[in-house]
Amino acid sequence: MKTVVITGGSSGIGKATAGLFAEKGWRVYEWSRSGKSTEKVTHISCDVTKPEETKAAAKQVIDQAGQIDVLVSNAGFGISGAIEFTTPEDAHRQMEVNFFGALNSVQAVLPYMRERQAGRIIFTSSVAAVLSIPYQSFYSASKAAINALALALQNEVRSFGIYVGVLMPGDVSTGFTAARKKSEEGMDAYGNIRKAVSAMEKDEQGGMSPLQMAKQLYRIATRRNPAPQYVGGGQYALFCFLDRILPKRLVNWIVGQLY
């Protein structure tokens with residue numbers, strides 16, 4: 001029986017992914033601060049921003065299951081607001097959870113994967129890593145950093161038989177939207193903050209189901225020779241393709257007009 005660890009597995013894409021892997025017969029461990037064990041999913045209380053907790057959680061999995069075949073690094077949250085008025089505390093927290101939380105999780109499982117000369121690490125990134133969204137700049141930056149980390153990490157661990165990749169979902173309808181920390185500081189200067197964020201959240205709530213992304217994550221985990229990056233959703237794959245072939249100035253202008 002193969003073992004998967006899913007961070008942020010108590011809700012949204014993470015919860016759907018945990019359920020799907022369990023249905024497929026995997027031993028599933030879910031790391032989060034507020035999850036609960038079920039008949040098929042074992043919850044381990046873990047704050048991914050704390051390296052000592054991720055290392056302890058990884059050891060617990062090894063002690064119980066003997067191996068970690070796949071890590072799905074999915075924990076994250078979002079903030080919104082104008083760059084000029086975003087507090088350093090909020091900006092640091094965004095990176096602390098989305099980027100350093102992923103880094104801590106990777107560093108916790110890598111020694112065990114390296115020892116076995118096998119494993120897969122899959123990050124849940126975002127189309128926002130490629131198409132930076134106004135007033136969601138720090139979220140976009142955190143996911144762009146994940147993409148860069150994944151590509152570099154793949155070359156570092158290739159000789160150990162470890163695969164590293166990312167899934168970049170487009171809009172997905174989850175509780176992520178309601179959990180976003182929104183700031184409207186600077187509304188007098190940036191009068192379109194509320195309109196832009198509302199448009200973005202409307203797209204999210206009308207987006208794909210978490211199960212669609214779970215199915216893609218499962219395919220990446222089980223595919224014989226997966227690519228380093230995947231886009232979640234056909235229309236979003238088209239957007240990312242256009243970003244590669246059109247002038248960056250034009251693409252960025254179009255994104256600005258959407259929001």
Side-chain angles (χ1 to χ4, degrees), residues 7-8 10-14 32-34 47-51 73-105 123-150 166 168-208 231-233 236 239-240 242-243 246-259:
T7 70
S10 61
S11 63
I13 293 174
S32 66
R33 293 181 300 170
S34 59
D47 182 342
V48 295
T49 67
K50 298 178 179 178
S73 178
N74 172 77
F77 84 111
I79 66 173
S80 65
I83 293 173
E84 181 181 350
F85 292 94
T86 298
T87 67
E89 292 78 15
D90 283 347
H92 279 277
R93 181 62 179 168
Q94 180 75 102
M95 297 301 293
E96 189 179 356
V97 175
N98 291 11
F99 179 76
F100 288 103
L103 174 63
N104 293 336
S105 302
F123 297 96
T124 302
S125 177
S126 173
V127 169
V130 177
L131 303 170
S132 295
I133 310 300
Y135 307 114
Q136 200 177 339
S137 52
F138 293 97
Y139 179 78
S140 292
S142 71
K143 293 304 185 178
I146 287 292
N147 285 8
L149 179 76
V166 302
M168 299 184 289
D171 293 314
V172 182
S173 180
T174 69
F176 181 92
T177 303
R180 176 179 286 110
K181 182 176 182 181
K182 293 185 284 189
S183 170
E184 294 184 351
E185 287 292 320
M187 276 280 289
D188 54 337
Y190 298 93
N192 60 330
I193 292 178
R194 187 175 298 165
K195 179 181 177 182
V197 173
S198 293
M200 175 183 64
E201 293 189 332
K202 182 179 179 181
D203 289 341
E204 288 174 348
Q205 289 304 286
M208 300 171 287
V231 179
Y236 304 100
F239 295 158
C240 291
L242 292 175
D243 178 67
L246 295 177
K248 179 61 73 175
R249 177 183 295 181
L250 174 60
V251 172
N252 202 43
W253 179 83
I254 293 172
V255 171
Q257 294 307 298
L258 291 174
Y259 298 102

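Computed from a predicted model, the values in this text were never measured in an experiment. Start at 1 with the first residue, then count along the sequence.
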Short side-chain to backbone donor-acceptor contact, N74 and G8, under 3.5 Å | yes
Short N-O contact, E204 and R180, less than 4.0 angstrom | yes
For D47, check salt bridge (Lys or Arg N to Asp or Glu O under 4.0 Å) against everything at least two apart and list the hits.
-> none
Smallest separation among heavy atoms of Q136 and I79, with atom names = CG-O, 3.9 Å
With the side chain counted from C-beta on, respond yes when S198 and K202 share a heavy-atom pair under 4.5 Å apart, and no when they do not.
-> no
Side-chain donor/acceptor of Q94 to backbone N/O of F77, under 3.5 Å = yes
Minimal non-hydrogen separation, S140 against S132, with atom names | OG-CA, 3.6 Å
With the side chain counted from C-beta on, respond yes when I13 and P169 share a heavy-atom pair under 4.5 Å apart, and no when they do not.
-> yes
Locate the shortest heavy-atom distance separating N104 from V48; write the atom from each residue and the value.
-> ND2-O, 2.9 Å
Judged by modelled atom types alone, do N147 and S125 share a side-chain donor-acceptor pair under 3.5 Å?
-> yes
Side-chain donor-acceptor pair present, N192, Y259, cut-off under 3.5 Å | no
Give a yes or no on whether E185 atom CD has more than 12 heavy-atom contacts from other residues, nucleotides or ligands under 6.0 Å away.
-> no
State, to 0.1 Å, how close S105 and T7 come at their nearest heavy-atom pair, and which atoms those are.
-> OG-CG2, 3.7 Å
Derivation and outcome, side chain to side chain contact (heavy atoms under 4.5 Å, CB included), residues D171 and M200 | CA-CA 9 Å; D171 293 314; M200 175 183 64; 5.6 Å; no
Point-to-point distance, once rounded to the nearest 0.5 Å, from CZ of F239 to CG of L246 = 12.0 Å
Roughly how far, to the nearest 0.5 Å, is NE2 of H92 from CZ of F99?
-> 14.0 Å
How long is the span from the OH atom in Y139 to the OG atom in S80, to the nearest 0.5 Å?
-> 12.5 Å
Contacts of type salt bridge (Lys or Arg N to Asp or Glu O under 4.0 Å), residue K182, not counting sequence neighbours = E201
Just how far is it from atom CG of L242 to atom CD1 of I254, taken to the nearest 0.5 Å?
-> 7.5 Å
Any V130 side-chain heavy atom under 4.5 Å of M168 side chain = yes
Would you give the length of the straight line joining atom NZ of K143 to atom CD1 of I133, rounded to the nearest 0.5 angstrom?
-> 13.5 Å
Show your reasoning for whether side chain to side chain contact (heavy atoms under 4.5 Å, CB included) applies to R93 and T49.
-> CA-CA 9 Å; R93 181 62 179 168; T49 67; 3.8 Å; yes
List the atom of V231, the atom of C240, and the distance in Å for their closest heavy-atom pair.
-> CG2-SG, 4.0 Å
Using side chain to side chain donor-acceptor pair (under 3.5 Å) as the criterion, list what pairs up with R33, not counting sequence neighbours.
-> none
So Y236 and L131, side chain to side chain contact (heavy atoms under 4.5 Å, CB included) or not? Walk me through it.
-> CA-CA 10 Å; Y236 304 100; L131 303 170; over 6 Å; no
For Y135 and F85, what are the C-alpha separation, side-chain angles and deciding distance, and is it a ring pair (Phe, Tyr, Trp, His ring centres under 6.0 Å)?
-> CA-CA 10 Å; Y135 307 114; F85 292 94; over 10 Å; no
Heavy-atom pair of closest approach, residues Y190 and A82 | CD1-CB, 3.8 Å
Nearest 0.5 Å please: distance from the OG1 atom of T124 over to the CG atom of N98.
-> 10.5 Å
